[in-house]
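Some notes on the structure that comes next.
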Protein chains: 2
Amino acid sequence: MSEPAIAVLPCLCANLRRASRALTHLYDKSLRPLGLQATQFTVLQALSLTGEIPQKGLGRILSMDSTTLTRTLEILLRNGWIAIRRGRDRRERLLRLSWAGEAQLKRAVPRWEKVQARLRRKFGMDGWDNLLKLTNEVTKVATE
Amino acid sequence: MSEPAIAVLPCLCANLRRASRALTHLYDKSLRPLGLQATQFTVLQALSLTGEIPQKGLGRILSMDSTTLTRTLEILLRNGWIAIRRGRDRRERLLRLSWAGEAQLKRAVPRWEKVQARLRRKFGMDGWDNLLKLTNEVTKVATE
DNA sequence: CCCTTAAACATGTATATACATCTATCTAGG
DNA sequence: CCTAGATAGATGTATATACATGTTTAAGGG
């Protein structure tokens, strides 16, 4: 009986990581039929928003180490969802969605929307906005 | 110049994961001299709070898959920070802090406190409480 | 033009994370 | 007691994540 309800942990990091795990589970489940993980979806969506962008730049937007991105991009490339070319600065790799990547993203968006809508309903508009604002604030503060 | 400021991403999951990465970076940096990662610290602290507990139970508290925990516990065990014994139910593993684990936690707490205090200052009491409350809410909602 | 320094990315390694599958054990019926 | 189903963990595999280090290219100073 009385399973110990989820309680606030004293550590902000632990709380956030836990929420991140739980939330990722939802998104992953929804995207699984497409063979997409949440992180991969995020990269595709980000590329769709930015257009062609160097790896470093994408890393900054996602607060993700560029070498971490290398591994994820490898998967996206293997699936044909992105295209990469050298920039004028030959050290840079310029990333963009491929045609197949746009198609995959288009397939994924409705599922993603459903999860988003369900959560927005659960939190209410205010809670939702607050959540986006606060987590964004965390990123800013932690990035300084 | 004008580095594109961190902007809110349309995806809650992406936002939360990004905040999680950024925040973890802070905690990791602070704990690195002790050879502790944020996740490992979280487990030690949780065990300190719960006392002896089966792996499954700890997984529930942390919203972490029990098999994921197996890998982290392996590291903690290798370092001598936890002790494990079979429960009356022979399938269960009962986890607890070892003496060395309590010592390690004791060394880590002041560093952890410093990061927590700095963040609490940046967010203000209200922002801080709100953050804990909302992320906890996310875990609950996503766990249902 | 050469050299030093720095930046962008690749690679090796370790940890974090979860799922599918397997084994051992428990529980409930019969 | 025996068996069928369920549960706790272990293990194999794949991805997510970052750091240390190495390579290539760029940028600046002599």
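Chain letters run A, B, ... following the sequence lines, proteins first, then strands; residues in each count from 1.
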Sub-4.5 Å side-chain heavy-atom contact between A:Pro10 and B:Gln45: yes

Straight-line distance of A:Gln40 CD to A:Asp28 CG, nearest 0.5 Å: 8.5 Å

Short side-chain N/O contact to C:dT17 OP1/OP2 from A:His25, under 4.0 Å: no

Separation of D:dA14 C1' from B:Asp65 CG (nearest whole Å): 14 Å

Whole angstrom value for the distance that separates C1' of D:dT17 from CZ of B:Arg32: 12 Å

Atom-pair distance (CZ on B:Arg18; P on D:dT17), nearest Å: 13 Å

A:Asp28 CG - C:dC19 P separation (whole Å): 8 Å

Residue pairs involving residues 52-92 of chain A (criterion ring-ring contact (aromatic ring centres under 6.0 Å, His included); sequence neighbours excluded): none

Interatomic distance, A:Leu62 CG vs D:dA18 P [rounded to whole Å]: 10 Å

Between CD1 on residue A:Ile82 and CZ on residue A:Arg93, distance to nearest 0.5 Å: 7.0 Å

Value in whole Å for how far the P atom of C:dC19 lies from CG of A:Leu31: 13 Å

Whole angstrom value for the distance that separates C1' of D:dT17 from OH of B:Tyr27: 19 Å

Path from B:Val8 to A:Leu49 over hydrophobic side-chain contacts below 4.5 Å: no

Heavy-atom check, side chain of B:Arg17 versus side chain of A:Thr42, under 4.5 Å: no

Residue mapping more 5' on DNA chain D - nearest nucleotide basis, B:Ser66 or B:Arg17: B:Ser66

Joint hydrophobic cluster, B:Leu94 plus B:Met64, side-chain heavy atoms closer than 4.5 Å: no

Separation of D:dT17 P from B:Leu16 CG (nearest whole Å): 12 Å

Pair A:Glu52-A:Arg85, salt bridge (Lys or Arg N to Asp or Glu O under 4.0 Å): steps then yes or no: CA-CA 10 Å; A:Glu52 197 171 53; A:Arg85 65 184 180 102; 2.7 Å; yes

Near-strand residues of residues 70-96 of chain B, defined as heavy-atom separation under 4.0 angstrom from DNA chain D: B:Thr70, B:Arg71, B:Arg91, B:Glu92, B:Arg93

B:Gln37 CD to B:Ile75 CD1 distance, which is reported to the nearest 0.5 Å: 7.5 Å

Which nucleotide in C:dT17, D:dT17, C:dA10 has an atom nearest any side-chain atom of A:Arg21: C:dT17

A:Thr68 vs D:dA18: side-chain N/O to OP1/OP2 distance below 4.0 Å: yes

Residues from residues 35-56 of chain B lying under 4.0 Å of DNA chain D - heavy atoms: B:Pro54, B:Gln55, B:Lys56

